[in-house]
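These numbers come from the heavy atoms of this one structure, side chains and all, not from hydrogens, waters or symmetry mates. Model, not experiment: these values are computed from the prediction. Chain letters run A, B, ... following the sequence lines, proteins first, then strands; residues in each count from 1.
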Amino acid sequence: MGEEVKLFRSWSSPFALRIVWALEIKGIEYEAVFEDLSNKSPLLLQYNPVHKKVPILVHNGRPIAESFVILEYIDETWKQVPLLPEDPYERAMARFWAKFCDDKVLTSIWSAFIKQGKEQEEALVAAAENLKFLEKEMKGKKFFGGERIGYVDIVLGWLANLVSIFEEIVGLKIVDEGKFPLLYSWMQDFAEAPIIRDNCPPRDKMIVKFQALLDAAIASSSSSSK
Amino acid sequence: MAEEEVKLFGTWASPVSRRIEVALKLKGVQYEYIEEDLTNKSPALLNYNPVNKQIPVLVHNGKPVAESLVIIEYIDETWKHNPILPADPYERAMARFWAKYIDEKFWPAAMKIVVAKGEEQKGEIDEIQQQMKNLEGELKEKKFFGGESLGFLDIAANIIIWLVVAQEALGMDQILNEEKLPVLYGWLQRLLDDAVIKECVPPKDRHLDLCKVKFGSSIASK
């Protein structure tokens, strides 16, 4: 039976990278369509008219957007190497933590990177509080998914490669090994897993990109201050 | 078989809390309801949801689940009769996509409208009407988003009921009406007429009063 799987992504989007990892972990053949987000293709706009973003998974011509939604679709459609646990309570916990990762952890760490002064200080405090919850949730497991990478690991995976880039650019420690030993060691294990290691955007290009984003943010905030 | 113990921590006027009541009633699950005072949260709530300290929280045989859409999926997977999510993975993806849209786009937009004024409010109204047109595209000619009976997206879209009550409290009707959004308006009437939904909305008078108190200073200029 002919399966056609396409993934619309950009070279750097951490959200699209989640889908790359999921497809690779399950051994699903797919075609990657790289988008230039400053010049979106008509096809992207057709497949995701509501948000106009990547990632978009197109399976046999039918598009799905939003990374959490795509991950669950992949898990339900290709049942090998399950990403979510089987037990309904464990699944609920995984979904809860995934939402926490995007709503709280990602938001606070991004603010800690992109903001200055008092806003940055407050973001760092919030980030530390959020990371404490994650540290506790690790509970001595190798990955959030247990012995192998699962749904929450994939959702949080950006932490493993982006945080050190943020730390290098702003010269601040966001995930301190002393304060968050379990998370820190998770970051190493995750980044070193073969599928993850082989599917990460080039670090030097990422540094250039995020430095440019920070410079632009600083420029626009100083031009709007009195 | 072990006795089931189901508790729901919620508040009477919260749409996300009421979502859980709908899901439990659709499944015919018996539960104990605990009304929380959010200005004075109970030790039990803080113990069951230490991360967000929010309602709703479902506690099933002592194990807590938080976040309304997560709770609904848990309910659907635990009590398998009368399914809330569709069986087909693509249909499930569409239901989840639009439920997320409601929580992440529609609800913040609705919150902005009730406190905005003048031109800014008009812009917010245009925005939310476009969002509702997008939702109409998903509903098409179906009775409910779930088809013949209520589904995941109908439950998530209960927030639209809260929008129209706020609209009425503020003496407005231009956000959601039959003329502007006939398809969604028709769905809303069917939703309000549904026996389970009727049990899971705040008492109208109390709800109107609450809206007037919360948003009353923002009457739209006609």
Side-chain angles (χ1 to χ4, degrees), chain A residues 5 15 19 47-53 55-79 84-105 107 126 129-137 151-152, chain B residues 16 20 48-54 56-80 85-106 108 127 130-138 152-153 156:
Chain A
V5 182
F15 305 104
I19 313 307
Y47 282 140
N48 189 4
V50 172
H51 300 299
K52 307 176 175 50
K53 287 183 181 176
I56 308 168
L57 189 80
V58 185
H59 183 206
N60 295 333
R62 298 201 296 185
I64 302 162
E66 291 298 302
S67 67
F68 286 10
V69 178
I70 299 172
L71 287 172
E72 294 234 26
Y73 175 80
I74 288 173
D75 215 29
E76 289 173 0
T77 303
W78 292 276
K79 299 203 197 291
L84 276 163
E86 232 189 274
D87 170 70
Y89 190 74
E90 296 307 315
R91 289 164 77 83
M93 292 304 99
R95 288 174 177 137
F96 173 87
W97 287 109
K99 193 174 200 299
F100 176 77
C101 284
D102 267 12
D103 289 356
K104 299 277 166 77
V105 180
T107 311
E129 278 164 21
N130 295 327
L131 290 169
K132 252 190 238 156
F133 283 120
L134 281 183
E135 177 81 7
K136 195 167 169 210
E137 181 54 23
Y151 182 75
V152 177
Chain B
V16 288
I20 311 307
Y48 284 134
N49 189 2
V51 176
N52 296 327
K53 306 177 175 56
Q54 290 283 28
V57 179
L58 186 82
V59 185
H60 183 205
N61 295 334
K63 300 204 288 188
V65 185
E67 291 299 323
S68 67
L69 298 181
V70 176
I71 298 171
I72 297 173
E73 293 230 32
Y74 174 76
I75 289 170
D76 207 31
E77 290 173 1
T78 301
W79 293 277
K80 296 193 201 295
L85 274 154
D88 172 68
Y90 190 76
E91 297 306 316
R92 291 162 79 84
M94 292 304 102
R96 288 175 177 137
F97 173 89
W98 287 108
K100 203 169 198 288
Y101 183 76
I102 284 173
D103 274 2
E104 291 177 6
K105 301 280 176 197
F106 181 86
E127 160 81 30
Q130 181 53 55
Q131 290 178 359
M132 288 192 281
K133 288 213 175 70
N134 291 339
L135 280 168
E136 285 191 326
E138 178 59 15
F152 186 72
L153 185 50

Contact part of A:K132 toward chain B, heavy-atom cut-off under 4.5 Å: side chain, backbone, both or neither? neither

For residues 85-95 of chain B, which side-chain N or O atoms pair as donor and acceptor with protein atoms under 3.5 Å away, sequence neighbours left out?
| unit_1 | atom_1 | unit_2 | atom_2 | d |
| --- | --- | --- | --- | --- |
| B:D88 | OD2 | B:Y90 | N | 3.1 |
| B:D88 | OD2 | B:E91 | N | 3.0 |
| B:Y90 | OH | A:P63 | O | 2.7 |
| B:R92 | NE | A:E76 | OE1 | 3.0 |
| B:R92 | NE | A:E76 | OE2 | 3.1 |
| B:R92 | NH1 | B:P86 | O | 2.9 |
| B:R92 | NH2 | A:E76 | OE2 | 3.3 |

Pairing residues for B:K100 by the side chain to side chain donor-acceptor pair (under 3.5 Å) criterion, not counting sequence neighbours: A:E66, B:E104

So if I apply the side chain to side chain contact (heavy atoms under 4.5 Å, CB included) rule between A:R95 and each of B:L69, B:V70, B:I71, B:V65, which one comes out positive? B:V70

In Å and rounded to the nearest 0.5 Å, what is the CD to CG distance from B:E67 to A:D103? 7.0 Å

So which residue, A:E72, A:K99, A:R62, A:H59, ends up with the most heavy-atom pairs under 4.5 Å with chain B? A:R62

Calculate, to the nearest 0.5 Å, the distance between atoms CG and NZ belonging to B:N52 and A:K104 respectively. 4.0 Å

So with a 6.0 Å cut-off around NZ of B:K53, is the heavy-atom count from everything else above 12? yes

Assert top hit (heavy-atom pairs under 4.5 Å, partner chain B, pool A:F68, A:Y89, A:F96, A:Y73) equals A:Y89

